Amino acid sequence: MSAVASELRALREDIETAVELERVDGHLGRGVHGYLGALVRLVADGDHDPAHALIEGRAAVAFLRAFPPLPTPRPWRS
């Protein structure tokens, strides 16, 4: 396993923990989690440049952490 794939996996685990602890928005967090998983698979298969994948993964994590968790939606009023 390459060092880049290991770092992407570590980022993915950090996001999973952050979603579980509700430190980041759950909907966005699940999307970033899936995106990081796809990057890991692409790097492992040799279909994506590892340096670019790491940059993209870090950018996705930074994007996610830039937004506070969204509040619980209020119910609709008729």
Side-chain angles (χ1 to χ4, degrees):
M1 175 176 19
S2 72
V4 171
S6 296
E7 188 164 346
L8 287 170
R9 283 192 173 110
L11 285 172
R12 189 172 188 232
E13 289 174 12
D14 290 346
I15 293 303
E16 185 175 356
T17 302
V19 168
E20 289 173 356
L21 297 175
E22 297 180 353
R23 288 186 285 169
V24 296
D25 182 67
H27 298 288
L28 293 175
R30 282 188 283 279
V32 171
H33 183 267
Y35 181 63
L36 290 171
L39 288 174
V40 168
R41 286 188 300 277
L42 288 169
V43 167
D45 292 344
D47 293 333
H48 199 55
D49 178 37
H52 271 174
L54 190 54
I55 291 168
E56 292 171 11
R58 287 178 178 164
V61 170
F63 168 81
L64 176 63
R65 292 195 173 145
F67 291 95
L70 297 173
T72 304
R74 293 183 296 216
W76 285 91
R77 295 182 186 175
S78 353

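If you're wondering where the values come from, they're calculated on a predicted model, not measured in any experiment.
Closest of all the heavy-atom pairs between Val40 and Ala5 is CG2-O, 4.2 Å. Heavy-atom minimum distance, Ser2 versus Val43: OG-CG1, 4.0 Å. Nearest heavy atoms, Gly57 versus Leu8: CA-CD2, 4.2 Å. The two residues Val32 and Ala60 have their closest heavy-atom pair at CG2-O, 3.9 Å.
Atoms CD1 and CG, from Ile55 and Leu39 in turn, are 11.5 Å apart once rounded to the nearest 0.5 Å. Annotation: the span from Leu21 atom CG to Glu16 atom CD amounts to 10.5 Å, rounded to 0.5 Å. In this structure, the separation between CG on Leu28 and CZ on Phe67 is 7.5 Å, given to the nearest 0.5 Å.
Between Val61 and Leu36 the shortest side-chain heavy-atom distance falls below 4.5 Å. Side-chain contact between Asp47 and Arg41: absent, with no pair of heavy atoms (C-beta onward) separated by less than 4.5 Å. Using a 4.5 Å heavy-atom threshold, the side chains of Glu56 and Leu42 count as separate. Taking 4.5 Å as the limit, some side-chain heavy atom of Leu54 sits within range of a side-chain heavy atom of Glu7.
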